[in-house]
Structures are given as C-alpha cells and as structure tokens.
A.B. asks: 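Following this message is one structure expressed as structure tokens.
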Protein chains: 2
Amino acid sequence: MKKYLEILKKCPLFDGIGEEHLLTMLPCLGATVSAYDKKYTILMEGTAAKYLGIVLSGSVQTVQVDFYGNRSILSEMTASQIFGEAFACAEVSSLPVSVIANEPCEVMFIDCSHILHTCSNHCGFHQQLIYNLMKDLATKTLLFHQRIEVTSKRTTREKLMTYLLLQSKKEGSRKIVIPFDRQELADYLEVDRSGLSAEIGKLKKEGILDCDKNRFVLL
Amino acid sequence: MKKYLEILKKCPLFDGIGEEHLLTMLPCLGATVSAYDKKYTILMEGTAAKYLGIVLSGSVQTVQVDFYGNRSILSEMTASQIFGEAFACAEVSSLPVSVIANEPCEVMFIDCSHILHTCSNHCGFHQQLIYNLMKDLATKTLLFHQRIEVTSKRTTREKLMTYLLLQSKKEGSRKIVIPFDRQELADYLEVDRSGLSAEIGKLKKEGILDCDKNRFVLL
DNA sequence: CTCCTTTTGTTGAAAATTCAACAGACTTTC
DNA sequence: GAAAGTCTGTTGAATTTTCAACAAAAGGAG
C-alpha cells in the first residue's frame with residue numbers, strides 16, 4: 001500500500017489523518033486494490049453497492065445507460081477522488097449507475113460498512129472518516145447542482161457555454177482543458193454529438209471561442 | 001419548541017436521538033423558527049449559506065432561476081425534511097439556489113457550524129448529528145441521480161413517463177399524486193409547459209395514462 | 001353569487017434537436 | 001509504413017421543442 005501513500009494523503013476521505021495512521025488503518029478497513037484496462041466496467045449498474053472506490057491512478061466515469069442505449073455521463077473522477085460513496089453510504093441494495101475506466105487505472109476499494117458500522121472505539125479516526133464522508137458528499141451535491149445548472153439549459157449552445165464558463169471560473173483561466181472527447185461531452189451535456197460539433201463550429205466562426213480538440217479558449 | 005416535537009422526531013437529522021435530549025439540544029444548536037407565506041423566498045440565491053432548514057409544516061422548493069428567468073425546480077421538501085444542508089456543510093460562501101415557500105410554512109433553522117465545529121465532547125450526540133447528516137446527504141445524492149435519469153431523456157414524453165414510473169415504483173402504486181402543478185412539473189422535467197400539457201393529452205388519448213389535475217394513473 | 005386571478009389546454013409558426021450517413025483526420029496495431 | 005479502427009465535422013430531412021397568444025376552466029375574494 002505504501003506506494004499509494006501520496007495519492008491517499010490527498011484523498012478527502014483521509015483528511016486530518018496522519019500518514020502513519022493511514023497505513024495502519026487500511027487493513028482494518030479491508031482495503032483492496034485492483035487495476036483495470038480502459039473501458040472496463042468497474043462497477044455494474046444493478047449490482048451490490050457495498051464498496052466505495054478511491055482512484056489511485058488514471059480516471060473513471062460514472063455513467064447511466066438507459067433502455068435504448070443512450071448514455072449519460074454523470075461525473076468523472078481522477079486520482080485521489082472517491083466514487084460510489086453515496087450509494088454505499090445510503091446502503092442501497094443495487095447501484096443505479098455504472099462506473100467505467102476512462103483510461104487504464106488503479107482503484108482502491110473499501111467496504112463502506114467498515115466505516116459506517118464498526119464499533120466507534122475501535123479506531124480513534126472512525127469519527128473523522130464519517131465527518132470526511134459527510135464533507136465529501138456535501139461537495140458532490142454541489143457538483144450535481146452545477147451539472148443541473150448546465151443541463152437545464154434548453155439549447156446546445158447555452159449548455160456548452162454554461163459548462164465552459166463554469167469550468168473557466170473554476171480554473172481561473174479562459175483556457176480550459178476538458179476531460180471529455182466530443183461524444184463524452186455530448187453525453188455529459190445531454191445533447192446530440194453532431195449537433196454539438198456543429199454548434200462548436202458556429203461559435204468559432206462567431207469569434208466567441210477557440211477550440212482545438214479538448215482545449216477550449218473563451219474569447 | 002415542544003409543539004414541533006413530533007415533526008422533529010421524524011427528521012433524519014435527529015435519528016437515534018431521544019426526545020428528551022432533542023429538546024435540550026435545540027438551544028445549544030441555536031435553533032430558531034420562522035413562518036412564511038406562500039411564494040416567499042426563504043433563502044435567496046447568492047446569500048450566505050450558514051443555515052440548514054427543517055420544514056416543520058407546509059412545503060418548500062429549491063429552485064434555480066437563470067439569467068433569462070427560466071426556472072428549474074430541483075427538489076421539494078415537506079414536513080420533517082431538511083434543506084440547505086449540502087451548502088452549509090460544504091461551507092460555500094454563497095447559495096447556488098433559492099428556497100421558496102411552496103405553501104404557507106414554518107421552518108426551523110440551525111446554524112450548521114454548531115454541528116460541524118463545536119467541540120465534539122460538548123454533547124454526546126454531536127457525532128450522531130454528523131452521522132445523520134452524512135446519511136441524509138447520501139440519500140439526497142440518490143434523489144439527484146433519479147432526477148438526472150428523468151431529465152436526461154430527450155423528449156417530453158420520455159421525461160414524463162420516466163418520472164411517473166419512478167414515482168409509481170416509489171409509492172408502490174399505479175396511482176400517483178404529484179406535488180407539482182403543470183408549470184412546476186414542466187420546470188422539474190425541464191420542458192415547455194404547453195408542450196407538456198399537449199403530451200399529457202396525447203398519452204390520455206392513447207390510453208397510456210389517466211390524469212386529473214395532479215393525480216395520475218398509469219394504465 | 002359574481003368578479004378577478006390563476007391555471008390549464010390548444011393552436012400554429014418558428015427554431016432547435018435528433019438522426020443517419022458519410023468523408024476526412026487522427027490513432028493504433030501489426 | 002500500411003491497414004484498420006476511431007473520432008470529428010458536415011449535411012439534409014424528419015421530428016420535437018419552444019414560443020406567443022388565446023380561450024376555457026378552476027379557484028379565491030369580497
């Protein structure tokens with residue numbers, strides 16, 4: 001586990017926990033590590049939701065795919081970020097989303113019941129973990145609000161611009177590198193890919209933005 | 001505060017806390033109660049996000065209104081449910097949503113910093129409150145996923161049917177009473193009101209559902 | 001009961017999205 | 001380096017949504 005220490009120290013789940021304690025804590029939590037190839041389905045919709053995952057390297061996406069095969073990308077997590085925690089903490093019986101490897105990645109799994117239900121004296125940091133989960137979930141809720149602010153717009157142009165402006169504000173720069181290719185961006189914005197490409201073309205012509213692949217510049 | 005005891009006992013924030021402790025705890029938390037008329041803006045977008053609210057009577061909605069006046073309804077809370085907790089827990093400086101009174105209502109406010117930052121030995125139930133907040137936020141995240149499952153559909157018909165089927169499953173009945181009027185349902189589904197009315201009309205004609213005001217029956 | 005306000009359903013036209021198909025650019029693999 | 005596969009931009013037609021306007025229905029106030 002030691003090789004992942006630098007990543008884990010940045011994980012919001014372990015805020016306020018010294019690295020010496022972190023390493024002794026991991027076995028108690030039943031932490032395991034797995035590696036996945038790109039596109040691999042790490043957690044499948046409909047299966048049990050016992051574990052939360054921590055991205056150690058690479059990145060993962062949470063996606064919903066409906067009856068007709070339409071995909072929605074809900075979020076993307078990179079190194080030291082958590083996924084699946086909401087479902088494990090809410091103790092639902094089956095996952096409402098899938099989690100897939102966006103690129104080759106390594107993931108640490110922790111059985112959430114070890115955090116939620118273990119005797120609270122077993123480990124002095126137990127309460128800290130619950131506090132950290134609470135903080136993390138509050139932050140994730142904010143991200144959902146932002147996503148809804150984006151997808152609630154009625155036109156492709158407005159969705160794209162709202163998304164880019166939010167990212168720009170977050171990065172503090174007019175230059176934005178997005179973690180999506182065109183199809184993924186369309187699945188995040190919930191619009192048609194070809195219509196999205198066309199709209200990006202128009203915005204370029206109008207001098208509102210510049211774009212090369214997944215790098216955007218607001219003008 | 002005593003008159004609200006029955007409501008507060010059902011509030012997820014106070015799970016596992018006996019009523020005798022609940023009453024002594026409220027002053028420590030700095031709880032205050034206010035009443036509002038229908039349509040009143042209880043919390044305004046852009047203002048501070050220090051407090052979480054508990055609905056004591058009536059109901060409230062969290063809404064986002066964009067630059068052009070388009071409204072999105074994000075959620076609705078009725079008696080003993082919590083609102084604003086995500087923003088207070090995430091300690092954001094300004095609210096990204098407004099909360100309005102959907103009908104005349106009474107609300108209890110608690111300064112969230114009293115839960116997050118008070119010395120953890122001050123009150124034996126402090127940890128329980130944080131645990132409860134964590135649970136509540138996990139549940140809210142699930143609701144957001146459901147909402148996204150609904151609004152990610154591309155047509156008014158699909159959005160409406162997905163919403164009704166989810167509600168039907170939740171209630172365990174083909175008969176559904178929704179907490180929205182037509183305009184509000186449109187703002188929740190993120191579609192045009194008149195188009196929604198037309199679509200409901202078509203679905204009736206096709207014998208797929210029956211509908212009287214805010215009562216729906218799936219056939 | 002009547003008047004006034006709000007809500008709902010309908011309509012048609014304009015605007016936007018979706019869909020399918022294709023060609024060029026770019027990557028990856030062997 | 002060639003071939004296969006993937007990603008992206010473009011097109012036009014069909015579908016759907018949005019928008020504005022209006023009238024009927026329902027609800028509330030006096």
Side-chain angles (χ1 to χ4, degrees), chain A residues 37-39 61 66-73 100-104 150-163 177-206 208-216, chain B residues 37-39 61 66-73 100-104 150-163 177-206 208-216:
Chain A
D37 292 332
K38 184 170 178 173
K39 302 283 174 187
Q61 293 176 338
D66 74 8
F67 185 74
Y68 301 102
N70 301 310
R71 177 178 70 165
S72 288
I73 296 181
I100 61 165
N102 191 37
E103 46 189 325
V150 169
T151 57
S152 72
K153 296 288 182 292
R154 299 297 165 83
T155 65
T156 299
R157 168 178 290 230
E158 275 190 303
K159 288 182 183 181
L160 176 61
M161 288 306 292
T162 304
Y163 172 69
V177 180
I178 69 172
F180 301 124
D181 63 28
R182 285 287 178 281
Q183 182 64 62
E184 289 172 334
L185 180 57
D187 290 342
Y188 181 85
L189 299 179
E190 286 162 6
V191 299
D192 179 67
R193 180 197 60 77
S194 67
L196 174 60
S197 275
E199 203 61 46
I200 291 174
K202 278 191 209 169
L203 286 164
K204 272 185 183 176
K205 263 186 199 147
E206 296 175 28
I208 295 174
L209 59 76
D210 204 11
C211 155
D212 177 51
K213 303 228 188 170
N214 64 339
R215 314 176 82 84
F216 290 76
Chain B
D37 292 331
K38 184 171 180 172
K39 302 282 174 187
Q61 293 176 337
D66 75 8
F67 185 75
Y68 301 103
N70 301 311
R71 176 179 70 165
S72 288
I73 296 181
I100 60 165
N102 191 37
E103 46 189 324
V150 169
T151 57
S152 71
K153 297 287 183 291
R154 299 298 165 83
T155 64
T156 300
R157 169 178 291 229
E158 276 190 301
K159 288 182 183 182
L160 176 61
M161 287 306 291
T162 304
Y163 171 69
V177 180
I178 68 173
F180 301 124
D181 63 28
R182 285 287 177 280
Q183 182 64 61
E184 290 172 334
L185 180 57
D187 290 342
Y188 181 86
L189 300 180
E190 285 162 6
V191 297
D192 180 68
R193 180 197 61 76
S194 67
L196 174 61
S197 274
E199 202 61 46
I200 290 172
K202 279 191 206 169
L203 286 163
K204 271 186 182 174
K205 263 186 198 148
E206 295 175 28
I208 294 174
L209 59 75
D210 205 11
C211 156
D212 177 50
K213 304 230 189 168
N214 64 339
R215 316 176 82 84
F216 289 77

A.B. asks: Closer than 4.0 Å, any side-chain N/O of A/S194 to the OP1 or OP2 of D/dT10?
C.D. replies: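 For A/S194, the contact criterion (side-chain N or O under 4.0 Å from OP1 or OP2 of D/dT10) is not met.
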
A.B. asks: For the pair made of CD in A/E199 and C1' in D/dT8, what is the distance, rounded to whole Å?
C.D. replies: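 Result: 16 Å.
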
A.B. asks: Which distance, rounded to the nearest 0.5 Å, do you find between the CG of A/L185 and the CZ of A/R193?
C.D. replies: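 Reported to 0.5 Å precision, the distance equals 11.5 Å.
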
A.B. asks: Quick one: do A/E184 and A/I178 satisfy side chain to side chain contact (heavy atoms under 4.5 Å, CB included)? Show the steps, please.
C.D. replies: CA-CA 10 Å; A/E184 289 172 334; A/I178 69 172; over 6 Å; no

A.B. asks: Going by heavy atoms in the side chains, are B/Y163 and B/F216 under 4.5 Å from each other?
C.D. replies: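 Of all side-chain heavy-atom pairs linking B/F216 with B/Y163, none is under 4.5 Å.
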
A.B. asks: Please report, rounded to the nearest Å, how far the C1' atom of D/dT18 is from the NZ atom of A/K153.
C.D. replies: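 These atoms are roughly 16 Å apart.
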
A.B. asks: Just wondering, do B/Q61 and B/Y188 contact through their side chains at under 4.5 Å, heavy atoms?
C.D. replies: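 When only atoms from C-beta onward are counted, B/Q61 and B/Y188 do not touch, as no gap falls below 4.5 Å.
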
A.B. asks: Polar atom pairs between nucleotides 4-6 of chain D and protein, under 3.5 Å, N or O only, would you list them?
C.D. replies:
none

A.B. asks: How far does CD1 of B/I100 sit from NZ of B/K38, to the nearest 0.5 angstrom?
C.D. replies: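 Going from the CD1 atom of B/I100 to the NZ atom of B/K38 covers 10.0 Å.
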
A.B. asks: Check every strand shown and say whether B/T155 touches a base, only sugar-phosphate, or nothing at a heavy-atom separation below 4.0 Å.
C.D. replies: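 Result for B/T155 = sugar-phosphate.
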
A.B. asks: For B/R193 and A/I200, find the nucleotide of DNA chain D closest to each by heavy atoms; which residue's nucleotide sits nearer the 5' end?
C.D. replies: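 Comparing both residues, the 5'-ward one is A/I200.
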
A.B. asks: Given atom CG of B/L160 and atom P of D/dT16, what is their separation to the nearest angstrom?
C.D. replies: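 Nearest whole value for this atom pair: 15 Å.
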
A.B. asks: Given atom CG of B/L189 and atom P of D/dT17, what is their separation to the nearest angstrom?
C.D. replies: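 Value for this atom pair: 12 Å.
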
A.B. asks: How would you label the contact of B/D192 with the nucleic acid (heavy atoms, under 4.0 Å): base, sugar-phosphate, or nothing?
C.D. replies: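 Since a base atom lies under 4.0 Å of B/D192, the category is base.
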
A.B. asks: Starting at CG of B/N214 and ending at C1' of D/dA26, how long is that distance when rounded to a whole Å?
C.D. replies: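 It is 13 Å, rounded to the nearest whole Å.
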
A.B. asks: Flag the pair B/T156 / B/D192 as yes when at least one side-chain heavy-atom distance between them is below 4.5 Å, and no otherwise.
C.D. replies: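 No - every pair of side-chain heavy atoms lies 4.5 Å or more apart.
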
A.B. asks: Quick one: how far along DNA chain C does chain A reach, first to last nucleotide 5' to 3', anything under 4.0 Å to a heavy atom?
C.D. replies: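 Reading along DNA chain C, I get C/dA16 to C/dT27.
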
A.B. asks: What verdict does the side chain to side chain contact (heavy atoms under 4.5 Å, CB included) test give for A/K159 and A/L196, after you've listed the backbone C-alpha separation in whole Å, the side-chain angles of each residue and the deciding distance to 0.1 Å?
C.D. replies: CA-CA 10 Å; A/K159 288 182 183 181; A/L196 174 60; over 6 Å; no

A.B. asks: How about A/D181 and A/N214: do any of their side-chain heavy atoms sit closer than 4.5 Å?
C.D. replies: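 Sidechains of A/N214 and A/D181: no contact.
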
A.B. asks: Are any of the side-chain heavy atoms of B/R71 and B/I73 separated by less than 4.5 Å?
C.D. replies: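 Answer yes - side chains close enough.
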
A.B. asks: Should A/R154 be listed as having a side-chain N or O under 4.0 Å from OP1 or OP2 of D/dT18?
C.D. replies: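 So the side chain of A/R154 is within the cut-off, an N or O lying under 4.0 Å from OP1 or OP2 of D/dT18.
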
A.B. asks: Check the distance between D/dT16's P and B/L196's CG and give it to me in whole angstrom.
C.D. replies: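 Rounded to whole Å, this separation is 16 Å.
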
A.B. asks: Do A/K153 and A/L189 have side chains that get closer than 4.5 Å, going by heavy atoms?
C.D. replies: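 They are not in side-chain contact.
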
A.B. asks: When the distance from CZ of B/R182 to P of D/dA26 is rounded to whole Å, what number comes out?
C.D. replies: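 My rounded result for the distance is 13 Å.
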
A.B. asks: Find which nucleotide of DNA chain D each of A/K213 and B/T156 is nearest to by heavy atoms, and output the residue with the more 5' nucleotide.
C.D. replies: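 That would be A/K213.
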
A.B. asks: Could you tell me if the side chain of B/E199 sits less than 4.5 Å from the side chain of B/V191, heavy atoms only?
C.D. replies: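 Not touching, per the 4.5 Å side-chain cut-off.
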
A.B. asks: Below 4.0 angstrom, N of the basic side chain to O of the carboxylate: do B/R157 and B/E206 qualify?
C.D. replies: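 Result for this pair is yes, salt bridge flagged.
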
A.B. asks: Tell me the interatomic distance from B/E190, atom CD, to D/dT17, atom P, rounded to whole angstroms.
C.D. replies: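 Nearest whole value for this atom pair: 14 Å.
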
A.B. asks: Find the bend of the helix from C/dC1-D/dG30 to C/dC30-D/dG1 as the angle between its two terminal axes (five pairs each), to the nearest 10°.
C.D. replies: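 That helix gives 60° between its end axes.
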
